2 protein chains.
Amino acid sequence: MREIDAKPSRLRADAERNRQRIIEAAREAFTWHGVEVPMATIARKAGVGVATLYRRFPTRDELIREIFADQLQACSAALDEALDDPDPWRGFCHVIEKVCALQAAERGFTEAFLNAFPDAAADHSRRRLEGERGFAALVRRAQRAGALRTDFHPSDLTVVLLANNALSATPDPAAASRRLVSYLLDSFRADAAHTPLPPPTGLGLGHLLPAGHRARPTQGSIE
Amino acid sequence: MREIDAKPSRLRADAERNRQRIIEAAREAFTWHGVEVPMATIARKAGVGVATLYRRFPTRDELIREIFADQLQACSAALDEALDDPDPWRGFCHVIEKVCALQAAERGFTEAFLNAFPDAAADHSRRRLEGERGFAALVRRAQRAGALRTDFHPSDLTVVLLANNALSATPDPAAASRRLVSYLLDSFRADAAHTPLPPPTGLGLGHLLPAGHRARPTQGSIE
DNA sequence: TGGTAAGTGGACGCCATCGTCCACTTGAGC
DNA sequence: GCTCAAGTGGACGATGGCGTCCACTTACCA
């Protein structure tokens, strides 16, 4: 399932086993309690010591990234499929629906998404840029076809993802997400435009996490 | 501005002054850092000791409630105005727009909203019920008039508020909120219904906060 | 102007999480 | 089997927020 065979895991058998148990425990813990769940809890669920957890995944982010690797793959795939779809509108809907479903399926996906596409790392930054560029192309195509309203702006994707992400905390995130996305897709159709929209937000995918999560402002400096 | 003259604040002059400084500091702190900002930070900003803060507002919730009292008033008012509006659709839009704008204007409004309408307290529970009942009436009226799509469900209000609340963390919450609400209102029009909606979520206003904020599950019990 | 209760601030103890360190255990190769 | 490096777990100090307690200060009233 994972493509890392060229890089044979040099882990001892028992270590590899523990690694898998950690991943499984973390996935469950994230889904139930959110990504802020204490590391010790994950370790306990996995039946290992905290040291083992920290040795394998020195930071929470690395753990998150590992866990959501598949979903991120699916995310990129959805975009590619959409671009290949001969029907621009169907492709557009496909991306929105798929990404929102992924986001709703497991809490923490947004964090994973951003950790995978950080501003800093050149390689990943390229991936994020590719994603944004791909989506922008999709938007243009759907608008030219007359299916997507012309005042839709690519930055609306960020608004949609932010909004959708908030549903993760409800009892049935998938259901709530489907409902929201249905409404939004209806409103994105060209013929749904009734009143002029306020100006677009210009938000990028980097705004999916609140500023505080990335660079914490000093308390003293605000005084 | 505040109606509490019948209940003369029996606070000493300096105490009342400090109380106001706390409220002002807390409002600013909440807006900038969210409602989770440490109590000590609020106290420092207000130039008082933590003891003073805790004496005046024994819990964070009471502080939040006090701060957003005006907005909650506005919230109820918006619903009343909407019910008085002869145009059902305009009334419906008014409520959604107003409440979302209030929510976007200041972080923490959602917490305040729920703290003001807790399940437990009979009096406040009545207020929340009134709110939900009033909105349901508004929905029915707008649907009978043929303006609001018939598959709109009152529980969608919770979805909207959850979604809208997520925009508080962006650089310009008001702008993002306006954009989202514009889209959603377009999709709520009767003539916007294209594909059948998935079933309604049945979420109540009580679901606006994640379960963890109300009753924290024991770590050990999950094992 | 002086007595007093209301008001004040910050030190303090409590608790949870973090991430490291180290003495012990175990799997893999000979 | 024996060896030893890789792996392990939990104790531990650091950090930071919470809410209380108490010795000091001050506004109000007579």
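All figures in this text were calculated on a predicted structure; none of them were measured in a lab.
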Please round to the nearest 0.5 Å and tell me the distance separating atom CZ of B/Arg27 and atom CD1 of B/Ile64.
->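 It comes to 12.5 Å.
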Enter the distance from A/His207:NE2 to B/Leu167:CG here, rounded to the nearest 0.5 Å.
->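 It comes to 12.5 Å.
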Can you list, by residue number, the residues of residues 47-59 of chain A that have a non-hydrogen atom closer than 4.0 angstrom to DNA chain C?
->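 Heavy-atom contacts with DNA chain C come from A/Val50, A/Ala51, A/Tyr54.
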A/Tyr183: ring-ring contact (aromatic ring centres under 6.0 Å, His included) partners, not counting sequence neighbours |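 ring-ring contact (aromatic ring centres under 6.0 Å, His included) list for A/Tyr183, sorted by chain: B/Phe188.
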Starting at atom [atom1] of [X], determine the distance to atom [atom2] of [N], rounded to an integer number of angstrom.
| X | N | atom1 | atom2 | result |
| --- | --- | --- | --- | --- |
| B/Met39 | C/dG9 | CE | P | 15 Å |
| A/Arg17 | C/dT26 | CZ | P | 12 Å |
| A/Ile22 | D/dG7 | CD1 | P | 12 Å |
| A/Asp14 | C/dA28 | CG | C1' | 10 Å |
| B/Arg21 | C/dG7 | CZ | P | 16 Å |
| A/Glu36 | C/dT17 | CD | P | 12 Å |
| B/Arg44 | D/dC18 | CZ | C1' | 15 Å |
| A/Glu16 | D/dA6 | CD | P | 16 Å |

Polar side-chain contact A/Arg12-C/dA28 base: donor and acceptor under 3.5 Å =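 Per atom types, no contact qualifies.
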Phosphate OP1/OP2 of C/dG7: any B/Asn18 side-chain N/O under 4.0 Å =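 The answer is no; no side-chain N or O of B/Asn18 sits under 4.0 Å from OP1 or OP2.
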Pairs where residues 156-174 of chain B contributes a residue and the test salt bridge (Lys or Arg N to Asp or Glu O under 4.0 Å) is met, not counting sequence neighbours |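 Only A/Arg179-B/Asp156 qualify under salt bridge (Lys or Arg N to Asp or Glu O under 4.0 Å).
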Mind checking salt bridge (charged side-chain N to carboxylate O under 4.0 Å, His left out) for B/Asp14 and listing every partner two or more places apart, or none if nothing turns up?
->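 Scan of B/Asp14 (salt bridge (charged side-chain N to carboxylate O under 4.0 Å, His left out), adjacent residues dropped) gives B/Arg12.
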Quick one: list whatever passes side-chain hydrogen bond (donor to acceptor under 3.5 Å, both in side chains) with A/Ser187, sequence neighbours left out.
->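 side-chain hydrogen bond (donor to acceptor under 3.5 Å, both in side chains) list for A/Ser187, sorted by chain: empty.
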Kindly state each residue pair satisfying ring-ring contact (aromatic ring centres under 6.0 Å, His included) with at least one member in residues 42-75 of chain B, sequence neighbours excluded.
->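 The answer is none; no pair qualifies.
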Among C/dT17, D/dA27, C/dG7, the nucleotide that comes nearest once only the side chain of B/Leu11 is considered =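 The answer is C/dG7, which lies nearest to the side chain.
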